[in-house]
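Okay, structure first, notes after.
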Amino acid sequence: MAFDLKKIAKYYKDDMGLNFALEEENNRIRFSMDTDAMKEVRFMAYKENPNTMLFLTYLPMKINEDKRAEISEFLTRANYGLHVGNFEMDMEDGEVRYKTTGVTDEDTMPSLDVIRRLTYIGFSMFDRYVPSLLAIAYGEKTALEAIEEAEKDMQ
């Protein structure tokens with residue numbers, strides 16, 4: 001059984017009320033939603049193989065080349081201490097995403113509650129970190145200033 005795209009898609013529709021695109025030929029489900037931090041945040045659940053599924057939340061913009069080093073430092077600081085998932089940035093094109101991974105055995109599909117958590121954690125991380133990321137990308141904050149702002153309620 002492992003990861004069943006049709007079952008996950010049914011859960012997204014019936015229980016979570018999401019409008020999505022199921023692309024069985026590409027082993028993925030895609031949708032966009034607004035978060036507190038940003039509109040049109042993109043999401044993709046990608047079935048890597050029967051036992052591994054990636055849950056990817058994408059920033060709907062690319063980071064300009066002149067800001068990528070500072071954003072990279074910010075994301076590295078944000079990743080330190082995270083327990084589930086991580087931020088990634090493609091240094092070639094400036095794409096930023098948050099990735100969580102679900103792994104199971106051949107006989108078991110994770111519960112739908114686990115699927116929900118793996119789906120929404122990236123959106124939660126965007127709400128926490130994207131305003132500070134944007135303060136670097138479009139402002140004058142340093143990575144250190146921005147991470148202190150993003151994590152001020154965690155200390």
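Everything numeric in this text was worked out from a predicted model, so none of it was measured.
- The local environment of CZ in Arg128 is crowded, with over 12 non-hydrogen atoms from other residues, nucleotides or ligands closer than 6.0 Å.
- Not one N or O on the side chain of Glu70 forms a donor-acceptor pair closer than 3.5 Å with the backbone of Thr142.
- For Asn19, the CG atom sits in a loose shell: 12 or fewer heavy atoms of surrounding residues, nucleotides or ligands are nearer than 6.0 Å.
- Side chains of Leu118 and Met53 form no contact here, defined as non-hydrogen atoms less than 4.5 Å apart.
- Linking Ile, Leu, Val, Met, Phe, Trp and Tyr residues whenever their side-chain heavy atoms come within less than 4.5 Å places Phe43 and Leu22 in a single cluster.
- Every pair tested for side chain to side chain donor-acceptor pair (under 3.5 Å) that includes a residue from residues 131-141 fails, sequence neighbours excluded, so the list is empty.
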Check your understanding: Given the rule in the salt bridge (Lys or Arg N to Asp or Glu O under 4.0 Å) test, do Glu149 and Lys152 qualify, once you have shown the distances and angles that lead to the verdict?
Key -> CA-CA 5 Å; Glu149 177 67 23; Lys152 68 180 176 226; 2.6 Å; yes
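- Taking 4.5 Å as the limit, some side-chain heavy atom of Tyr12 sits within range of a side-chain heavy atom of Ile115.
- Here the shortest heavy-atom pairing between Pro60 and Glu40 reads CB-O, 3.2 Å.
- Without hydrogens or angle criteria, Lys47 side chain to Phe3 main chain gives a donor-acceptor distance under 3.5 Å.
- Using a 4.5 Å cut-off between side-chain heavy atoms of Ile, Leu, Val, Met, Phe, Trp and Tyr, with links allowed through other members, Met16 and Leu56 fall into different hydrophobic clusters.
- Taking CE from Met33 and OG1 from Thr119, the interatomic distance works out to 10.0 Å, rounded to the nearest 0.5 Å.
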Distance-only donor-acceptor hits, side chain of residues 82-90, under 3.5 Å, sequence neighbours excluded:
residue	atom	partner	partner atom	Å
Glu88	OE1	Arg97	NE	2.6
Glu88	OE1	Arg97	NH2	2.9
Glu88	OE2	Lys99	NZ	2.9
Asp90	OD1	Glu92	N	2.7
Asp90	OD1	Asp93	N	3.4

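- The minimum heavy-atom distance linking Ala2 with Met109 is given by the pair O-CB, 2.9 Å.
- A distance-only check finds a donor-acceptor pair linking the side chain of Lys67 to the backbone of Gly139 [under 3.5 Å].
- Here the side chain of Asp127 pairs a donor or acceptor atom with the backbone of Asp36 at under 3.5 angstrom.
- Contact check for Phe55 versus Tyr98: no side-chain heavy atoms found under the 4.5 Å cut-off.
- Residue Glu65 qualifies as open at atom CD: its count of foreign heavy atoms under 6.0 Å is 12 or below.
- Linking ILVMFWY residues whenever their side-chain heavy atoms come closer than 4.5 Å, directly or via other members, leaves Phe123 and Tyr46 in distinct clusters.
- Side-chain atoms of Asn51 do not come within 3.5 Å of backbone N or O of Val103 as any donor-acceptor pair.
- A heavy-atom distance below 4.5 Å is not found between the side chains of Glu73 and Ile136.
- In this structure, CZ in Arg28 is found 4.0 Å from CD in Glu23, a value given to the nearest 0.5 Å.
- Considering only residues two or more places apart in sequence or on other chains, Tyr58 meets the ring-ring contact (aromatic ring centres under 6.0 Å, His included) condition with none of them.
- Tracing side-chain contacts under 4.5 Å through hydrophobic residues (I, L, V, M, F, W, Y), one reaches Leu112 starting from Ile121; they form part of the same cluster.
- From Ile63, atom CD1 reaches atom CE of Met61 across 4.0 Å, with rounding to the nearest 0.5 Å.
- Side-chain contact between Glu151 and Arg77 is absent, with no heavy-atom pair separated by less than 4.5 Å.
- Within the 4.5 Å cutoff, the side chain of Val41 has no heavy atoms near those of the Val130 side chain.
- Atom NZ of Lys62 sits in a crowded spot, with more than 12 heavy atoms from other residues, nucleotides or ligands closer than 6.0 Å.
- One finds the CG atom of Leu54 at 5.0 Å from the OG1 atom of Thr101 (value rounded to the nearest 0.5 Å).
- In this structure, Tyr80 is not a member of the same hydrophobic cluster as Phe74, with clusters built from ILVMFWY side-chain heavy atoms closer than 4.5 Å.
- Atoms OG1 and CZ, on Thr35 and Phe126 in that order, are 8.0 Å from each other to the nearest 0.5 Å.
- Put simply, the side chain of Asp105 gets close to the backbone of Thr108: a donor and an acceptor are under 3.5 Å apart.
- Taken from CD1 in Ile71 to CG in Leu133, the straight-line distance is 4.0 Å, to the nearest 0.5 Å.
- Glu95 has its side chain out of reach of Leu59: every pair of non-hydrogen atoms, C-beta onward, lies at least 4.5 Å apart.
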